[in-house]
Amino acid sequence: MDNLFIPQENKTPLVQCNYALGQIQFNGRSIPENSIEFYEPVFKWIDNYVLQPQKETQVNIHLEYFNTSTSKCLLDIFKKLYQMHQAGTSKVLITWIYEEDDEDMLEAGEDYQALIMLPFAMKKVST
Amino acid sequence: MFNVFDFYEKMEDGKIMLSFKGVITPDLLSSILQIMESKLDNLGEEPRQRKKVYNVLVECLQNLYHHGEVLTSTPALADKASLFLIGRNDNGLYRIITGNYILNKSIPELKSKIEQINAMNREQLKAYYLQTLNNEFYSEKGGGGLGIIDIARKSGQKFDYSFSKVDEEFSFFSLVITVNNV
């Protein structure tokens, strides 16, 4: 299965989906006008990944900003991963990375934690 | 249009950082955000406040942009511009004002949504946000009405708004968002 790499741009994050490592990473900001269009390749990659996943799947979300249309896409991604986690084919860990002064980003992570029954780790990094 | 500007000038300590009237495009949106980002940096705003203001800006501008797309399907409104203003007073309180044309028949729904949000406290807004995020289907543009709830959560203040009737079909909708200094 191919890896997915989308370079960082002004309004969109760096996306790295690595099959061998079972790793999905977003870094940067995610404020595209049309988030569904941007995240479409990620949805597709995950749909393929869940058919033959690694034993463990690590998801690292390190976003500086994201808009509300991205928040829908993130939830969609978590829901796809939840099904796989629930089925027991791969153990998922979401690491939600936020900068130490960014309470809003921590709260956003906690919002997802409240909605999705996946293990979340909140990780504070210094700016 | 003038009503909003008068209102703005009357605001105590109101200082405009940026104002724009025109049709919002993705490129233009990027430019405005870039300008505002450097202005926020130059002001030496606390990172948390900077992010809050930036977040509210993104949602406001994208609301205007997506609303503009809806309007283009109404020929009479296709070239109608949006209005956008941001000001910061000496106490670090930000005011963001948006203005756009709206069909009169769309007013009741929008008005009741704003009133509903204005009546909510912080906890209720969070619950409403989560409920909307979780239950609502994707809108075609991916927004799904979350933007306005998110703006309310970030701003920490009630919305001020008005509808000025233009004619039998259209009104001008203005929304004033205040962002608390954290």
Side-chain angles (χ1 to χ4, degrees), chain A residues 8-13 28-43 62-80 82-83 97-118 120 124-127, chain B residues 24-31 33-34 37 45-66 68-69 122 125-156 179 182:
Chain A
Q8 185 166 359
E9 293 201 35
N10 239 349
K11 289 184 189 167
T12 53
R29 58 180 64 176
S30 180
I31 53 168
E33 283 80 39
N34 189 340
S35 296
I36 297 175
E37 192 179 284
F38 176 77
Y39 283 98
E40 192 57 39
V42 181
F43 296 149
H62 188 179
L63 293 174
E64 184 195 359
Y65 302 110
F66 63 91
N67 61 2
T68 50
S69 72
T70 295
S71 66
K72 285 269 187 191
C73 294
L74 288 178
L75 185 66
D76 216 43
I77 288 168
F78 295 151
K79 281 183 173 170
K80 285 174 190 290
Y82 171 70
Q83 286 180 351
I97 303 156
Y98 66 100
E99 276 150 24
E100 57 185 353
D101 49 35
D102 199 348
E103 306 252 333
D104 288 330
M105 192 53 78
L106 170 63
E107 196 178 357
E110 289 168 348
D111 285 351
Y112 285 113
Q113 205 172 7
L115 287 177
I116 293 283
M117 294 292 121
L118 281 172
F120 270 76
K124 193 195 290 191
V125 291
S126 50
T127 41
Chain B
I24 306 261
T25 63
D27 281 349
L28 192 95
L29 209 148
S30 301
S31 304
L33 287 174
Q34 227 166 346
E37 199 171 17
E45 231 30 290
E46 291 289 319
R48 195 180 167 201
Q49 178 74 350
R50 208 175 59 216
K51 285 185 182 177
K52 215 183 261 294
V53 173
Y54 190 83
N55 252 309
V56 172
L57 277 174
V58 168
E59 295 302 328
C60 287
L61 289 167
Q62 292 187 343
N63 269 349
L64 287 176
Y65 169 69
H66 289 305
E69 284 193 321
R122 212 182 124 75
L125 277 173
K126 181 182 174 134
Y128 186 39
Y129 178 88
L130 291 180
Q131 184 200 338
T132 309
L133 176 64
N134 203 22
N135 293 344
E136 209 176 281
F137 292 103
Y138 279 123
S139 82
E140 231 172 81
K141 304 297 172 200
L146 271 177
I148 189 95
I149 311 172
D150 189 55
I151 293 168
R153 282 183 84 187
K154 298 264 158 56
S155 94
V179 183
V182 285

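To find a chain, count down the sequence lines: A is the first, B the second, and so on, and within it residues start at 1.
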Looking at chain A, which one of B:K52, B:Q34, B:E46 has the largest number of heavy-atom pairs inside 4.5 Å, strictly under?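 Sorted descending by pairs with chain A, the first entry is B:K52.
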Identify which of B:L61, B:D150, B:L130, B:I149 forms the greatest number of heavy-atom pairs closer than 4.5 Å to chain A.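 Looking at each option in turn, the highest pair count goes to B:L130.
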Looking at A:Y39 and A:S30, what are the two nearest heavy atoms and their distance?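 Closest pair (atom of A:Y39, atom of A:S30, distance): OH-OG, 2.8 Å.
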Does B:K51 use its side chain to pair, donor to acceptor, with the backbone of A:M105 at less than 3.5 Å?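 No: the side chain of B:K51 does not pair with the backbone of A:M105.
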Side chain / backbone / both / neither for B:L33 at chain A, heavy atoms under 4.5 Å: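 The side chain, not the backbone.
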Does atom CD (B:E37) have a neighbourhood of more than 12 heavy atoms from anything else shown, all under 6.0 Å?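 Yes, the 6.0 Å shell around CD holds more than 12 heavy atoms from other groups.
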I want to know whether A:Y65 and B:Y54 have ring centres closer than 6.0 Å.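 Distance test on ring centres: under 6.0 Å, yes.
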Side chain, backbone, both or neither of A:E37 within contact of chain B (heavy atoms, under 4.5 Å):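 Contact with chain B is absent: no heavy atom of A:E37 under 4.5 Å.
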